[in-house]
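Here the structure comes first, spelled out in structure tokens, and everything after it is commentary.
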Amino acid sequence: MTIQIKPAEPRHLSEIVGLEHEIFPDPWSAALLERRLHDSATRFLVAEGEGAIQGYGILQLLPPEAELFNIAVNPTARRQGVGKCLLEALLETAKAEGVTAIHLEVRASNIGALALYNRLGFRQIGLRKKYYDNPCEDAVLMCRKGSLDEKTFYR
């Protein structure tokens, strides 16, 4: 599948909301996603392919740090490199903004996401017990620090 990564636009919002509700047990509201779309400190990217949004990623900039809020991939497009393309684009965006540390939290059961984050240099720095609801689950806290020029730059 050929994927094009680009900034999210208001016209993408209905597809993003649909994916959010399909993928997550506690989805973000359309209003919250729209706020993020227009927030000057947020970088909101979409992955387009086959005439549809195949995924999206949301990064909150707090230079010199950032927080990865969300990476979501359409279930029919998983294991095709969409998440990796989104994450790499967000890492490049962070680098251009002077970010030297990126934080995230992920469900402990999300083995695919954990593997992707590890491959791209994130390391576990903590655990939040019973952080998620529906179902109740721990959150793995991860961070990637250092020069964004290096593939694995945790120090």
Side-chain angles (χ1 to χ4, degrees), residues 3-17 19-21 23-24 26-49 53-74 77-78 81-133 137-155:
I3 293 296
Q4 183 180 17
I5 306 295
K6 58 175 75 173
E9 299 175 11
R11 67 183 176 89
H12 298 131
L13 198 56
S14 64
E15 276 188 89
I16 292 167
V17 169
L19 278 176
E20 181 78 11
H21 282 81
I23 295 168
F24 298 108
D26 290 318
W28 286 15
S29 69
L32 179 56
L33 288 163
E34 185 172 19
R35 276 196 304 274
R36 289 289 167 203
L37 186 65
H38 298 293
D39 180 5
S40 64
T42 299
R43 299 300 175 262
F44 197 146
L45 302 179
V46 295
E48 284 189 330
I53 301 297
Q54 299 299 328
Y56 58 92
I58 304 171
L59 182 74
Q60 175 73 42
L61 298 172
L62 308 157
E65 298 186 346
E67 183 174 353
L68 182 63
F69 281 154
N70 211 346
I71 287 195
V73 176
N74 185 328
R78 289 188 181 149
V82 175
K84 182 176 185 260
C85 286
L86 277 166
L87 185 54
E88 288 176 337
L90 289 167
L91 292 173
E92 284 299 315
T93 298
K95 176 183 170 185
E97 298 281 352
V99 168
T100 58
I102 300 174
H103 303 271
L104 65 85
E105 57 207 23
V106 60
R107 284 183 181 268
S109 66
N110 194 340
I111 303 304
L114 288 165
L116 173 62
Y117 296 140
N118 274 301
R119 274 196 314 275
L120 292 180
F122 287 84
R123 296 296 175 255
Q124 182 173 342
I125 59 169
L127 191 70
R128 288 193 177 129
K129 293 287 192 178
K130 300 179 182 179
Y131 179 77
Y132 292 106
D133 294 323
E137 188 170 355
D138 297 344
V140 176
L141 305 177
M142 302 185 86
C143 183
R144 181 176 159 159
K145 291 183 183 179
S147 169
L148 289 171
D149 290 325
E150 301 170 26
K151 185 170 184 179
T152 56
F153 67 104
Y154 189 83
R155 294 185 186 149

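The model shown is predicted, which means the values in this text are computed figures rather than measured ones. All residue numbers refer to positions in the sequence shown, counting from 1. Values below: every heavy atom of this structure, side chains too, minus hydrogens, waters and symmetry copies.
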Side chains of Glu88 and Leu120, heavy atoms from C-beta outward: is any pair under 4.5 Å? yes

Distance check, rounded to the nearest 0.5 Å: Cys85 atom SG versus Gln54 atom CD? 12.0 Å

To the nearest 0.5 Å, tell me how far Thr42 OG1 sits from Glu67 CD. 10.5 Å

Measure the shortest side-chain to side-chain distance between Asp138 and Tyr131 over non-hydrogen atoms and say whether it is less than 4.5 angstrom. no

Considering the options Ile125, Leu68, Asn118, which one meets the side chain to side chain contact (heavy atoms under 4.5 Å, CB included) requirement together with Met142? Asn118

Restricting to non-hydrogen atoms, name the atom on Leu19 and the atom on Gly55 that form the minimum distance, rounded to 0.1 Å. CD1-N, 4.2 Å

Of all heavy-atom pairs linking Asn70 and Glu20, the shortest is ND2-OE1, 3.4 Å

Are the side chains of Glu65 and Ile102 in touch, meaning some heavy atoms are under 4.5 Å apart? no

Measure the CZ-NE2 distance between Phe69 and His103 for me, rounded to the nearest 0.5 Å. 12.0 Å

So, for Ala8 and Ile16, which heavy atoms are closest and what is the spacing to 0.1 Å? CB-CD1, 4.3 Å

Interatomic distance, Trp28 atom CH2 to Glu34 atom CD [nearest 0.5 angstrom]: 14.0 Å

Using the rule given for side chain to side chain contact (heavy atoms under 4.5 Å, CB included), can you reason through Leu141 versus Gln124, listing the C-alpha separation, both sets of side-chain angles and the distance that settles it, and then say yes or no? CA-CA 6 Å; Leu141 305 177; Gln124 182 173 342; 6.0 Å; no

Side chain to side chain contact (heavy atoms under 4.5 Å, CB included) between Val140 and Leu114: does it pass, once the steps are laid out? CA-CA 9 Å; Val140 176; Leu114 288 165; 4.0 Å; yes

Quick one, Leu87 and Phe122 - any side-chain contact, counting heavy atoms below 4.5 Å? yes

Inter-residue atom distance Leu91.CG - Lys95.NZ, 0.5 Å rounding: 10.5 Å

Side chains of Pro64 and Thr100: does their closest heavy-atom pair fall under 4.5 Å? yes

Over-ring placement of Arg36 relative to Phe44, 6.0 Å and 45° cut-offs: no

What are the two closest heavy atoms between Val46 and Pro7, and how far apart are they? CG2-O, 4.3 Å

Under-4.0 Å salt bridge between Lys130 and Glu137: no

Taking every heavy atom of Leu86 against every heavy atom of Ala72, the minimum-distance pair comes out as CD1-O, 4.1 Å

Can you tell if the side chain of Tyr56 reaches within under 4.5 Å of the side chain of His12, non-hydrogen atoms only? no

From Leu37 atom CG to Ile58 atom CD1, the distance as rounded to the nearest 0.5 Å: 9.0 Å

What are the two closest non-hydrogen atoms of Leu90 and Arg43, and how far apart are they? CD2-O, 4.0 Å

Would Leu116 and Lys84 satisfy side chain to side chain contact (heavy atoms under 4.5 Å, CB included), going step by step from the backbone distance to the final call? CA-CA 7 Å; Leu116 173 62; Lys84 182 176 185 260; 3.9 Å; yes

Given Lys6 and Leu45, is the side chain to side chain contact (heavy atoms under 4.5 Å, CB included) satisfied, shown in steps? CA-CA 5 Å; Lys6 58 175 75 173; Leu45 302 179; over 6 Å; no

